[in-house]
There are 2 protein chains.
Amino acid sequence: MGPTTTRPGRNLGPRAAAGNRAALLAAAREIFAQDGIRAPLSAVSRRAGVGQGSLYRHFPDRIDLVVAVFEEQVEAVEAVAADRGARLADLLGIVTRNAIDSTAFVDLVRSSTAPDARLRAFGTRVAAALATHLPAALAAGEVRQELSERDLLLAVSMVATAVTHVAEDERVAVASRAWELLGIEVRLP
Amino acid sequence: MGPTTTRPGRNLGPRAAAGNRAALLAAAREIFAQDGIRAPLSAVSRRAGVGQGSLYRHFPDRIDLVVAVFEEQVEAVEAVAADRGARLADLLGIVTRNAIDSTAFVDLVRSSTAPDARLRAFGTRVAAALATHLPAALAAGEVRQELSERDLLLAVSMVATAVTHVAEDERVAVASRAWELLGIEVRLP
DNA sequence: CTACAACCGGACACAGATGTCCGGTCGGTC
DNA sequence: GACCGACCGGACATCTGTGTCCGGTTGTAG
């Protein structure tokens, strides 16, 4: 009868809400990383050791959860974009790193045409960040002159997707080689 | 009461079996092309105008259907590979063409590590075909010297996947540009 | 100590897909 | 022309995932 396990919170009143929320986010981050953003939400609540009810109370739908999980990553990309000391290679590097770490991030990068506006926003923000340093890279001769913003997005999408289709321990190697084949310099963080 | 439509065959005896089979294959080709090899099979039987029972009688499981649908495409690739007059660019061209025409073909190309042996066989066959003309292309200086068989597969996988994630009417343009970025010549059939 | 209100967990109703099973129907055969 | 057996279609049982709802628990206030 006494399930006094170390679960996030078998009801500790209002105070537990935050703990449950954090547990759900952590669980979702892991599950989405492995299976992409379409993974079953029931798996998330199970992994978090929390009831379905709590999941849906904190995050009414799947997108709410995705947004909460990846806001941080997208901001990290934007931070590099805003850094005047950074170069295009750094920007591509952090995006590639995110793709290596999480299958779901790839879904996000590709979602500039997604049906849901909140998801599209992520895709757009990453695209905008990537565009930031392209002119400077072109001016400095760091990349081929013919490279357009669109090309950059295509390249990122190709590399990111390739990475998600190989075993985890090969991802860094595959990503590096892919960028080499494309003739674009990248600096992985 | 009289459903005397032009359906493949509301039971014409043994003779209808072949007709139903053909209708199922055609339906599956369309549905797989659009939604990939994981599309619901119920959609296939519905589109074919045939009962679920008939579908499963002809093709006991999903893979049987996939194999039947794409055997032809894979053979076409192998035919080009066997043609001593063809060049690597032709080989990459036909594979790219198949990817443009069918999302499901991309699933196949990537399935050299799939759980099912029949699916793996497809991936392996395409990989083997691609490898056929690489030595000649290297000798003739048609591609960069550093290009390995593995690189070729990576490149194909990247381009093919990129293509499936854009609207149909952009696919040819995206595929062409992707190969350009990779610095590899392709001749689309 | 008791009553309250907020929050929790999981049962549940629902939806979509899979694969099976069986009554009905039609060509073939004698 | 009547029977037979093969084949057809779709209803159905099952499974997996989604989102809702409610009885139960627990911290807090009086």
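Just so it is clear, the model here is predicted, and its values are computed rather than measured. Protein chains get the first letters and strands the later ones, always in sequence-line order, with residue 1 at the start of each.
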Can you give each donor-acceptor pair under 3.5 Å made by side-chain atoms of residues 180-189 of chain B, sequence neighbours left out, with the distance rounded to 0.1 Å?
unit_1, atom_1, unit_2, atom_2, d
B:Glu180, OE1, B:Arg177, NH1, 2.7
B:Arg187, NE, B:Asp90, OD1, 3.0
B:Arg187, NH2, B:Asp90, OD1, 3.0
B:Arg187, NH2, B:Asp90, OD2, 3.0

What donor-acceptor contacts under 3.5 angstrom involve side-chain atoms of residues 76-86 of chain B, with partners at least two apart or in another chain?
unit_1, atom_1, unit_2, atom_2, d
B:Glu78, OE1, B:Arg125, NH2, 3.0
B:Glu78, OE2, B:Arg125, NE, 2.9
B:Asp83, OD1, B:Gly85, N, 2.7

Donor-acceptor pairs under 3.5 angstrom involving side-chain atoms of residues 154-168 of chain B: please list them, not counting sequence neighbours.
unit_1, atom_1, unit_2, atom_2, d
B:Thr161, OG1, B:Arg110, NH1, 2.8
B:Thr161, OG1, B:Ser157, O, 2.7
B:Thr164, OG1, B:Thr161, O, 2.8

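Applying the salt bridge (charged side-chain N to carboxylate O under 4.0 Å, His left out) rule to pairs touching residues 42-57 of chain A yields A:Glu30-A:Arg47, sequence neighbours excluded.
Computed from coordinates, the B:Leu24 CG to D:dC8 C1' distance equals 12 Å when rounded to whole Å. Distance CD1 (B:Ile37) to C1' (C:dT18): 16 Å, rounded to an integer number of Å. A:Leu55 has its CG atom 16 Å from the P atom of C:dA11, to the nearest Å.
By the 30° and 60° cut-offs, the orientation of the rings of A:Phe70 relative to A:Phe105 is tilted.
Qualifying side-chain contact (heavy atoms from CB on, under 4.5 Å) partners for A:Leu138, counting only residues two or more places apart in sequence or in other chains: A:Leu134, A:Val143, A:Gln145.
Contact annotation: A:Asn20 side-chain N/O to C:dC8 OP1/OP2 distance is under 4.0 Å.
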All N/O contacts under 3.5 Å from nucleotides 17-23 of chain D to the protein, with atom names and distances to one decimal?
unit_1, atom_1, unit_2, atom_2, d
D:dT18, OP1, A:Leu41, N, 3.4
D:dT18, OP1, A:Arg62, NH2, 2.4
D:dT18, OP2, A:Leu41, N, 2.9
D:dT18, OP2, A:Ser42, N, 3.4
D:dG19, OP2, A:Tyr56, OH, 3.3
D:dG19, O6, A:Gln52, NE2, 3.4

